[in-house]
Amino acid sequence: MSDHSVLREETAWRRRARGEGRIYRRGRIWRIQYYRNGRRVFESSRSENERTAQYLLRQRLGQVAAGIAPVPHAHRISYENLRDALLADYVANKRKWLRTGKDGKPYVCGLSTLNAFFKGFRAVYITADSLRAFIRNRQEKGAANGTINRSLALLRRMFHLATADGKLREVPHFPMLKEAPPRKGFLEHANYQKLRQKLPEHLRPVLSMGYHTGMRLGEILKLRWPCVDLAKAEISLDPGTTKNDQPRTIPLAGELLEMLRIERTRNPKSEFVFMRAGVRIGSFRKAWDSACVRAGLGVFICRTCDAPVAHDSKCADCRKAKRQARPTYRGLIFHDLRRTGVRNLVRAGVPERVGDQRTQDEGCV
């Protein structure tokens with residue numbers, strides 16, 4: 001047998017006292033052996049250095065003595081493994097944040113930025129330092145602190161699931177950012193009328209529903225006709241369709257009631273209330289942003305220098321300086337209608353304590 005074959009087959013044992021484990025060499029790589037809960041455990045040091053194996057064995061024996069379950073294969077867990085486990089958890093528990101993309105695959109808002117930055121990362125190398133690098137990267141691209149925190153919360157959830165499943169032992173420190181104070185103010189009726197005229201015709205009923213009721217955009221777009229009782233002039237939201245999964249009844253009157261009657265006449269056989277060309281209305285952020293800018297309720301600015309720009313152009317100064325020049329929108333968002341809707345319900349005769357309770361129950365700020 002050649003010397004090379006002898007080297008590969010050699011098992012050089014370093015015997016110790018009972019309970020102290022041992023190290024040995026398989027080929028060129030040193031491995032360790034120890035007992036945990038009466039069961040023999042083998043683990044590779046992934047090194048040709050004997051001292052590395054000795055250090056690893058001492059570390060594992062210390063963990064066993066302290067009652068800490070070692071995770072021998074933690075180094076194999078990748079970011080992609082963590083992400084897939086999170087999506088599986090969201091699917092199993094039917095989380096409301098779960099969406100389905102055009103390709104039919106599930107996704108969660110805020111995951112795309114994590115996917116781009118941590119692609120190929122091993123979980124053990126996702127540390128506080130790498131998280132701070134992610135934060136800097138997102139801030140340089142103009143992301144708000146709240147948006148960054150939502151992504152960090154998703155990643156933190158991944159680590160908690162992995163530790164609960166016994167795949168990892170520790171969750172790294174997550175340096176969360178201070179968020180902007182809650183948005184305030186109301187959409188006055190004059191501005192509501194102005195915005196309504198600037199929106200495409202098929203989106204005007206959606207605006208009216210949000211303005212008069214304070215319903216969330218997701219609740220409005222998913223509203224079905226069986227939940228709308230035109231005779232009793234009320235909307236009944238079933239358990240599980242609201243943010244807190246609690247049922248809710250919303251009174252209808254005046255302009256809103258008449259608008260729903262018109263929509264029912266236009267779409268007598270449709271399942272959903274708000275339709276366009278026979279299809280349920282989906283996301284309309286671009287149309288909303290453009291309408292708000294034309295109505296004087298918002299502005300497009302450069303992500304880098306905050307200079308006002310047109311929605312269909314880039315910042316000239318930043319483009320010359322070879323900086324990121326994409327515009328972003330700042331101004332009225334649909335969720336701002338929550339406060340206005342509660343106020344309008346009170347003005348329509350709904351007891352103030354009921355309107356306030358709806359706001360508190362659903363986290364409207």
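Numbers here are sequence positions counted from 1. Please read these numbers as outputs of a predicted model, since none were measured by experiment. Computed from heavy atoms alone, side chains included, the values below leave out hydrogens, waters and symmetry copies.
With contacts defined as side-chain heavy-atom distances shorter than 4.5 Å, the pair Tyr329/Val293 qualifies. At least one side-chain heavy atom of Arg83 sits less than 4.5 Å from a side-chain heavy atom of Leu111. With contacts defined as side-chain heavy-atom distances shorter than 4.5 Å, the pair Arg261/Arg266 does not qualify. Gln139 has its side chain within reach of Ile135: a pair of non-hydrogen atoms, C-beta onward, lies under 4.5 Å apart. Residues Ile262 and Thr265 are not in side-chain contact: their nearest non-hydrogen atoms beyond the backbone lie 4.5 Å or more apart.
Remark: Gln33 CD to Phe42 CZ distance equals 4.0 Å, nearest 0.5 Å. The CZ atom of Arg58 sits 9.5 Å away from atom CD1 of Ile23, with the distance rounded to the nearest 0.5 Å. Atoms CZ and CG, on Phe272 and Leu223 in that order, are 9.5 Å from each other to the nearest 0.5 Å. Within the model, atoms CG of Leu98 and CG of Leu87 stand 7.0 Å from one another, a figure rounded to the nearest 0.5 Å. A distance of 13.0 Å separates CD of Glu234 from CZ of Arg248, quoted to the nearest 0.5 Å. The OG1 atom of Thr113 sits 9.0 Å away from the CZ atom of Phe118 when rounded to the nearest 0.5 Å.
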Practice item. Determine, step by step, whether Arg138 and Thr147 satisfy the side chain to side chain donor-acceptor pair (under 3.5 Å) criterion, reporting the C-alpha distance in whole Å, the side-chain angles of both residues, the deciding distance to 0.1 Å, and the verdict. Key: CA-CA 9 Å; Arg138 296 293 294 133; Thr147 302; over 6 Å; no

**Study point:** Stepwise side-chain contact (heavy atoms from CB on, under 4.5 Å) check, Leu207 with Leu337
**Key:** CA-CA 9 Å; Leu207 170 66; Leu337 300 179; 3.8 Å; yes

Review point. Can you check side-chain contact (heavy atoms from CB on, under 4.5 Å) on Arg40 and Tyr34, steps first, answer last?
Key: CA-CA 6 Å; Arg40 188 164 54 176; Tyr34 60 95; over 6 Å; no

Practice item. Output, in order, the C-alpha distance, side-chain angles, deciding distance and verdict of side-chain contact (heavy atoms from CB on, under 4.5 Å) for Arg294 and Lys194. Key: CA-CA 9 Å; Arg294 292 196 301 271; Lys194 189 184 301 184; over 6 Å; no

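With respect to the salt-bridge test (charged N to carboxylate O, under 4.0 angstrom), the residues Glu48 and Arg25 do not qualify. Checked for salt-bridge contact, Arg122 and Glu80 miss the test: no charged N lies under 4.0 Å from a carboxylate O. Arg60 and Glu43 are joined by a salt bridge, as a carboxylate oxygen and a charged side-chain nitrogen come within less than 4.0 angstrom of each other. A salt bridge is absent between Asp289 and Lys286; no separation between the charged side-chain nitrogens and carboxylate oxygens falls under 4.0 Å. A salt bridge does not link Arg204 to Glu201: none of the charged nitrogens lies less than 4.0 Å from a carboxylate oxygen.
Hydrophobic clustering, with ILVMFWY side chains joined whenever heavy atoms are under 4.5 angstrom apart, keeps Val124 apart from Ile126.
Of the residues listed (Leu252, Leu257, Leu256), the one engaging His212 in a side chain to side chain contact (heavy atoms under 4.5 Å, CB included) is Leu256, and it is the only one.
With ring centers used as reference points, Phe334 lies under 6.0 Å from Trp288.
Listed for the Ser45 side chain is a donor-acceptor partner under 3.5 Å among the backbone atoms of Trp30. Side-chain atoms of Ser290 do not come within 3.5 Å of backbone N or O of Ala287 as any donor-acceptor pair. Side chain of Arg39 to main chain of Tyr35: no donor-acceptor pair is present (N/O by atom type, distance under 3.5 Å, no hydrogens or angles). In this structure, Asn49 contributes its side chain and Arg51 its backbone to a donor-acceptor pair below 3.5 Å. A donor-acceptor contact shorter than 3.5 Å is absent between the side chain of Thr340 and the backbone of Phe186. Looking at Tyr107, its side chain never comes within 3.5 Å of a backbone N or O of Gly110 through a donor-acceptor pair. With hydrogens and angles ignored, the 3.5 Å screen pairs no side-chain donor or acceptor of Asn149 with any backbone N or O of Met176. Using a distance-only test at 3.5 Å, with no hydrogens or angles considered, no donor-acceptor pair links the side chain of Asn93 to the main chain of Arg95. In this structure, the side chain of Asn267 does not engage the main chain of Arg264 through any donor-acceptor pair within 3.5 Å. Here the side chain of Arg280 pairs no donor or acceptor atom with the backbone of Met275 at under 3.5 angstrom.
Residue Phe174 places its CZ atom among more than 12 non-hydrogen atoms of other residues, nucleotides or ligands, all under 6.0 Å distant. No more than 12 heavy-atom neighbours from other residues, nucleotides or ligands sit within 6.0 angstrom of OH on Tyr55.
Taking both residues in full, the closest heavy atoms of Tyr211 and Leu187 are given as CE1-O, 3.4 Å, listed atom of the first, atom of the second, then distance. Minimum heavy-atom separation, Leu161 to Ala85: CD1-O, 4.1 Å. Considering all non-hydrogen atoms of both residues, Leu82 and Ala123 come closest at CD1-CB, 3.9 Å.
Checked by atom type, the side-chain pair Ser78/Asn81 shows a donor-acceptor distance below 3.5 Å.
Below 30°, between 30° and 60°, or above 60°: for His189 and Tyr192 the angle between ring planes is between 30° and 60°, a tilted geometry.
Considering only residues two or more places apart in sequence or on other chains, Ala133 meets the side chain to side chain contact (heavy atoms under 4.5 Å, CB included) condition with Phe117, Arg136.
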